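Here is the structure we will look at, set down as structure tokens.
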Amino acid sequence: METYFNIRYEFVKKNVHEFIDRQLLSGRAGYICVADGVILNIANRNPDYLKVINGSIFSICDSSYVPIYLKWIYGIKREQYCGSQIFMNIIQMKKYRMFFLGTSIETLTALKENLVKLDNNIADMQFCELPFCKVDQFNYREIANMVNADGPDIIWVALGAPKQEIFMSNLRPYLRRGVMIAVGAVFKFYSGLEEKRAPKWLISHHMEFIYRIFSEPKKQFKRCFWIIITLPGLLLREWKKKCKMKYINKV
């Protein structure tokens with residue numbers, strides 16, 4: 001694991017999956033954050049949220065820009081591992097019992113129908129809608145009792161950032177075991193009913209945010225505004241951190 005922009009990342013996909021298996025063998029509950037530009041921005045403006053992010057087993061890098069920044073500042077190569085990728089990678093492994101939490105019952109029903117086509121075992125797994133409420137109003141003990149009764153290995157959480165990360169942090173003390181992974185809009189992507197990812201050519205050119213802005217202008221303009229405002233300071237602080245490390249290593 002490596003810490004950049006105050007977030008503990010695991011960039012190596014093989015390590016991500018080994019850590020998941022290790023956590024499951026430990027018999028303890030934990031969670032993984034899928035850190036995109038929004039999470040990076042909010043975490044560096046809100047110390048309490050940063051504690052939630054770094055209270056996870058680690059974060060995977062869902063931002064296509066963070067690897068670019070690290071190349072600029074440190075001259076190192078790191079790769080993105082987005083939420084939709086880890087979700088489908090784990091589905092295709094067909095080795096875990098899973099529990100799906102969040103979004104609407106319509107989305108969950110369509111998601112289940114599509115996933116069963118990939119793995120028949122998913123027909124016997126739980127897809128649970130969560131009530132629409134503030135993150136501190138969930139009945140975490142009741143939710144945990146339901147999850148614990150099922151005994152899943154992986155608990156997928158789709159509530160959107162920053163809500164889903166706080167939700168996982170609050171739920172963890174009540175869980176007996178399992179790895180929670182927050183995947184934002186991924187349920188909607190794979191349900192085929194609602195949100196869709198940008199075309200591949202936009203993604204490959206690091207311009208998915210343009211597609212998102214046109215899809216949800218009110219929501220995305222606000223997010224982009226804060227990213228633009230705080231990004232220069234983040235980059236400067238990381239560059240100063242690199243310079244300090246170089247100086248210490250020379251001494």
Side-chain angles (χ1 to χ4, degrees), residues 19-36 38-39 42-43 46 48-60 62 83-84 86-87 90-91 95-116 119 121-191 193-195:
F19 274 118
I20 288 173
D21 286 339
R22 197 175 303 170
Q23 184 72 26
L24 291 172
L25 284 172
S26 76
R28 298 188 303 271
Y31 62 94
I32 294 172
C33 297
V34 179
D36 60 3
V38 174
I39 288 177
I42 299 174
N46 185 329
D48 291 334
Y49 185 58
L50 180 60
K51 287 180 183 178
V52 168
I53 298 301
N54 286 335
S56 64
I57 304 168
F58 51 75
S59 293
I60 63 172
D62 190 28
S84 58
I86 191 171
F87 181 80
I90 288 178
I91 294 293
K95 63 183 281 190
Y96 301 111
R97 180 162 184 82
M98 297 173 286
F99 201 107
F100 301 77
L101 280 171
T103 72
S104 67
I105 193 64
E106 292 80 15
T107 298
L108 290 169
T109 300
L111 175 67
K112 185 172 184 177
E113 289 176 0
N114 288 337
L115 295 183
V116 167
D119 180 6
N121 292 320
I122 291 176
D124 186 44
M125 297 180 192
Q126 298 296 312
F127 289 70
C128 180
E129 182 181 32
L130 291 172
F132 183 75
C133 63
K134 293 181 179 179
V135 73
D136 59 350
Q137 295 177 336
F138 286 108
N139 187 330
Y140 289 100
R141 187 178 297 279
E142 184 178 283
I143 294 169
N145 287 342
M146 177 176 57
V147 175
N148 289 333
D150 187 77
D153 302 307
I154 306 292
I155 302 107
W156 298 107
V157 179
L159 290 171
K163 189 175 186 177
Q164 61 192 9
E165 290 76 31
I166 300 170
F167 175 90
M168 293 191 298
S169 178
N170 290 346
L171 184 62
R172 178 179 58 178
Y174 298 100
L175 292 180
R176 292 178 192 149
R177 65 181 298 275
V179 175
M180 293 176 281
I181 307 176
V183 287
V186 166
F187 285 11
K188 295 179 181 179
F189 292 154
Y190 289 114
S191 72
L193 292 182
E194 301 179 61
E195 226 167 303

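Treat the numbers as computed from the prediction; the structure is a model and nothing was measured.
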Give, for atom CG of L130 and atom CG of L159, the distance between the pair rounded to the nearest 0.5 Å. 5.5 Å

Reported CD1-to-CE distance for the pair I122 and M98, which is rounded to 0.5 angstrom: 4.0 Å

Could you pull out all residues at least two apart from F99 that satisfy ring pair (Phe, Tyr, Trp, His ring centres under 6.0 Å)? none

So CD1 of I181 and OG of S56: to nearest 0.5 Å the spacing works out to 11.0 Å

Distance in Å, M168 CE paired with M180 CE, rounded so as to fall on 0.5 Å steps: 6.5 Å

So do P152 and M125 actually touch side chain to side chain, heavy atoms under 4.5 Å? no

How close do V186 and S84 get, counting heavy atoms only, and between which atoms? CG2-N, 3.6 Å

For A182 and V34, which heavy atoms make the closest approach, and how far apart are they? O-CG2, 3.0 Å

Taking only residues two or more places apart in sequence, or in another chain, which ones meet F127 in a ring pair (Phe, Tyr, Trp, His ring centres under 6.0 Å)? F100

Shortest non-hydrogen pair, I53 vs S59, comes out as CG2-OG, 3.5 Å

Would you call C128 and L108 a side-chain contact if the rule is heavy atoms closer than 4.5 Å? no

Donor + acceptor pair across side chains of Y190, N114 (<3.5 Å): no

Those residues that, when tested against D150, pass side chain to side chain donor-acceptor pair (under 3.5 Å) (two or more places apart): R97

Can you classify the ring geometry of Y140 versus Y174 as parallel (below 30°), tilted (30 to 60°) or perpendicular (above 60°)? parallel

Excluding sequence neighbours, so at least two apart, what forms side chain to side chain contact (heavy atoms under 4.5 Å, CB included) with L24? I20, D21, Y96, D153, R177, V179

Please name the pair of heavy atoms, one in G102 and one in F187, separated by the smallest distance, quoted to 0.1 Å. O-CD2, 4.2 Å

Any donor and acceptor pair, going by atom type alone, linking the side chain of S169 with main-chain N or O of I166 inside 3.5 Å? no

When every non-hydrogen atom of G83 is compared with those of V183, the smallest separation belongs to O-CG1, 4.1 Å

Distance check, rounded to the nearest 0.5 Å: I155 atom CD1 versus Y31 atom OH? 13.5 Å

Listed partners of N54 passing side chain to side chain donor-acceptor pair (under 3.5 Å), at least two apart: none

Around atom CD of E142, are there more than 12 heavy atoms from other residues, nucleotides or ligands closer than 6.0 Å? no

F132 six-ring centre to K163 NZ/CZ under 6.0 Å and within 45° of normal: yes

According to side chain to side chain donor-acceptor pair (under 3.5 Å), who are the partners of D119, at least two apart in sequence or on a separate chain? N121

Separation of F189 CZ from L111 CG (nearest 0.5 Å): 12.5 Å

Using only atom types and a distance under 3.5 Å, with no angle test, would you say the side chain of Q137 pairs donor to acceptor with the backbone of C133? no

Minimum-distance pair of heavy atoms, taken over all atoms of C33 and E165: SG-CG, 3.8 Å

Should we say atom CG of D124 is surrounded by more than 12 heavy atoms from elsewhere, each under 6.0 Å from it? no

Less than 4.5 Å apart, any side-chain heavy atom of N46 and any of L50? no

When T107, T109, T103 are each screened for side chain to side chain contact (heavy atoms under 4.5 Å, CB included) with I105, the one that passes is T109

Look at the side chain of N148 and the backbone N and O of R176, then say whether any donor-acceptor pair between them is shorter than 3.5 Å. yes

